[in-house]
Amino acid sequence: MRSAWWKNAVIYQVYPKSFNDTNNDGIGDLKGVEEKLPYLKELGIDAIWLSPVYLSPQIDNGYDIADYYQIDPMFGTNEDMDDLIAAAHALDIKIIMDFVANHTSDQYIWFQESRKSKDNPYSDFYMWKDAGPDGKEPNNWGSSFGGSAWTWDESRQQYYLHYYAKEQPDLNWENPKVRETIYEMMHYWKEKGIDGWRMDVITSISKDLDFPDNERPLTTSNQQNGPRMHEFIHEMNQRALTPLDMMSVGEAPAAKAADAHLLVDPKREELDMVFTFEHMHIDRKKGDINGRWALQNPDIVALKRIMSDWQVNLRDRGWNALYFENHDRARIISRWGNDEEYRYESATAFATILHGMQGTPYIFQGEEIGMTNPKFELEEYVDIELRGNYEHFVLNQQTLTKEAFLQAVHKVSRDNARTPMHWNDQENAGFSTATPWFKVNPNHKEINVEADLASEHSIFRYYQQLIALRHKETILKEGTYELLLPEHPAVFAYKRQTADQTWIVLANLSEETQEVDEIFGDKAYRFMIQNQPRESVMGALRPYESFIVEVTE
């Protein structure tokens with residue numbers, strides 16, 4: 001019987017490169033994570049998800065792995081990883097590693113061998129295709145980082161497929177040897193003591209071997225839910241996840257509330273949870289040629305509908321992974337809230353809504369102190385996706401101006417979450433005494449761990465309370481879910497209920513006061529948590545006010 005510890009857990013994502021630098025080379029390291037374990041224990045989290053720390057050329061910040069078995073020297077040694085696992089376990093904190101099995105680095109020995117010929121032991125480890133009749137790419141598939149998903153290799157005289165950077169060739173999961181090699185790697189890290197996997201773009205591992213053209217050239221509609229995806233994930237479950245009792249959360253960009261149970265229903269024996277992208281698109285213009293860079297005001301009604309659909313559809317058929325921020329997402333208060341006048345209120349309001357739901361909440365480093373997006377100049381950003389998309393949309397397609405692209409970058413770029421962690425108001429925010437690998441947000445003088453802990457309005461302390469509620473109150477794990485005021489444009493409110501308890505979770509996600517007395521009626525309530533003081537549930541909600549109350553009669 002597999003344990004389901006993750007149903008009671010709150011998981012904290014560490015982006016090691018930007019977390020804490022102990023050897024003063026400007027890059028965060030594993031010793032830096034170990035040094036901050038007491039801080040994370042104080043917050044109350046149960047597990048750490050580490051973004052990739054394997055050997056890598058860092059074309060895509062470690063998501064281009066050159067050796068699954070080696071820690072990259074920039075982060076430390078394999079022994080440092082052993083020490084981190086042991087130190088975390090001593091504090092009852094579990095370790096989840098990032099697992100990138102759709103692609104590797106082109107520097108991996110497998111790819112270096114694969115490109116040499118069509119008949120060596122690694123020749124079929126990747127997706128190779130002959131040129132089309134005109135000598136060009138085999139089809140019109142696009143890369144998520146801009147341009148074609150195919151790159152010509154002179155040595156092998158064929159094209160290879162890469163859904164991301166050309167330095168990230170896609171593995172051929174049709175080859176049983178590839179799958180066996182992946183499972184061996186999973187066994188290795190289990191023996192090292194890790195407790196689970198976050199699975200990068202795991203729903204991309206199966207390809208349509210007919211390689212049909214996409215409706216629109218250089219788009220990515222082909223990348224998800226290939227014909228053998230469920231078969232491959234089930235096999236991985238049977239070969240590694242279940243026998244090793246490993247928790248799993250998969251990145252599933254195309255998953256919708258109606259079909260996600262096919263990935264996470266325990267009866268299907270695939271994954272424990274998946275990250276949906278659906279709710280993170282409420283500020284994106286649907287179908288626009290400029291993709292994620294075509295923005296609109298966030299649609300709070302859509303946010304409520306989507307998140308509620310996931311709550312209802314996975315009830316008794318799986319488990320939700322709850323998040324607003326991660327290494328691929330901008331700071332939520334800068335994106336959908338107000339990160340200046342109502343920074344504390346915004347941060348705690350979005351946290352209240354998320355942590356009140358059924359599922360496992362994920363906190364991204366800095367989210368717990370209300371870190372914000374920086375507003376750098378375009379040249380100061382480093383993300384390969386941003387640079388590739390700038391070339392594609394601004395320079396080549398010319399469907400966006402540089403100014404419009406930069407405005408979108410300030411809202412949604414992945415780099416917004418990757419600035420170094422703010423520990424104090426000293427040079428480089430206490431992250432490092434050396435020049436950091438990526439620029440520190442200048443507002444670290446005001447927004448940092450030390451300042452937040454000393455503040456009367458501490459976001460960290462509010463997160464502590466939310467986490468304590470989740471650990472203590474079974475209603476958050478087991479209660480039913482009912483959306484209230486579904487069409488209200490600003491107020492997100494819902495009911496959680498068990499046979500003997502009823503809670504209402506509520507947040508005003510706007511800068512205007514809102515009247516919602518009708519949802520409370522004449523019952524009596526007890527506040528479980530509130531981000532602004534109030535004596536009664538009745539009366540106007542202030543901007544970004546949030547609370548959880550229990551019905552007492």
Side-chain angles (χ1 to χ4, degrees), residues 12-22 24-29 32-33 36 39-40 43 51 58 61-62 295 323-348 350-351 363-387 390 405-455 457-460 462-463 544:
Y12 186 96
Q13 183 188 359
V14 168
Y15 196 69
K17 202 171 181 180
S18 294
F19 192 61
N20 184 31
D21 173 22
T22 57
N24 297 313
D25 61 357
I27 299 169
D29 43 55
V33 181
K36 297 298 183 181
Y39 166 82
L40 297 176
L43 182 60
S51 284
Q58 297 290 317
N61 278 307
L295 299 181
Y323 81 97
F324 283 134
E325 292 185 17
N326 62 33
H327 65 290
D328 281 337
R329 302 292 175 194
R331 299 295 184 180
I332 200 66
I333 57 176
S334 299
R335 185 172 174 181
W336 297 346
N338 180 323
D339 63 5
E340 294 179 354
E341 188 178 359
Y342 299 111
R343 186 178 66 86
Y344 166 82
E345 293 84 356
S346 290
T348 49
F350 281 105
I363 301 168
F364 181 72
Q365 64 182 50
E367 188 176 0
E368 79 281 8
I369 60 165
M371 283 180 63
T372 68
N373 290 355
K375 289 190 175 178
F376 296 154
E377 296 300 320
L378 201 56
E379 297 72 24
E380 294 177 299
Y381 293 96
V382 298
D383 182 27
I384 187 172
E385 180 193 50
L386 184 156
R387 291 172 176 266
Y390 175 77
F405 184 76
L406 183 59
Q407 282 185 345
V409 164
H410 286 163
K411 281 288 186 183
V412 299
S413 167
R414 304 193 305 178
D415 266 350
N416 288 310
R418 299 177 180 185
T419 57
M421 180 73 178
H422 296 178
W423 296 105
N424 55 44
D425 63 1
Q426 302 302 304
E427 185 180 10
N428 301 325
F431 163 72
S432 176
T433 58
T435 302
W437 73 276
F438 187 34
K439 187 177 176 181
V440 176
N441 191 329
N443 68 11
H444 75 272
K445 293 286 186 184
E446 297 76 43
I447 302 171
N448 60 72
V449 169
E450 282 187 6
D452 187 84
L453 290 176
S455 171
H457 297 291
S458 169
I459 298 167
F460 180 98
Y462 193 89
Y463 268 89
Y544 295 102

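- At least one donor-acceptor pair under 3.5 Å links the side chain of Asp452 to the backbone N or O of Ile459.
- Contact record, Asp339 with Ser334: OD2-OG, 2.6 Å, taken as the closest heavy-atom pair.
- Each of Arg418, Arg414, Gln13 was evaluated against His327; a single residue qualifies, Gln13, per the side-chain hydrogen bond (donor to acceptor under 3.5 Å, both in side chains) test.
- Heavy-atom minimum distance, Phe19 versus Lys36: CE2-CB, 3.7 Å.
- Listed here is the closest heavy atom pair of Ile369 and Ile447: O-CG2, 3.7 Å.
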Practice prompt. Carefully, step by step, assess Glu368 and Tyr12 under the rule side-chain contact (heavy atoms from CB on, under 4.5 Å).
Written response: CA-CA 10 Å; Glu368 79 281 8; Tyr12 186 96; 2.9 Å; yes

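- Distance CZ/Arg331 to CG/Asn416: 9.0 Å, rounded to 0.5 Å.
- Across all their heavy atoms, Met371 and Ile333 have their closest contact at O-CD1, 4.0 Å.
- Classification of the Phe350-Tyr544 ring pair by plane angle, with boundaries at 30° and 60°, yields tilted.
- Between Gln365 and Ser18, the closest heavy-atom pair is NE2-O, 3.5 Å.
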Discussion item. Could you go through Asn443 and Thr372, starting from their C-alpha distance and side-chain angles, then the distance that decides it, and tell me whether this counts as side chain to side chain donor-acceptor pair (under 3.5 Å)?
Written reply: CA-CA 8 Å; Asn443 68 11; Thr372 68; 2.7 Å; yes

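- In summary, the side chains of Trp336 and Ser346 do not present any donor paired with an acceptor at a separation below 3.5 Å, with no hydrogens or angles considered.
- In terms of heavy-atom proximity, Glu341 sits nearest to Glu345 at O-OE1, 4.2 Å.
- Aromatic ring orientation, Tyr381 versus Phe438: tilted (interplanar angle from 30° to 60°).
- Taking the centre of each ring, Tyr39 and Phe460 come in below the 6.0 Å mark.
- A donor atom on one side chain and an acceptor atom on the other are found under 3.5 Å apart for Asp21 and Ser432.
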Worksheet item: Under the side-chain contact (heavy atoms from CB on, under 4.5 Å) criterion, do Met421 and Tyr15 qualify, and how do the steps go?
Response: CA-CA 9 Å; Met421 180 73 178; Tyr15 196 69; over 6 Å; no

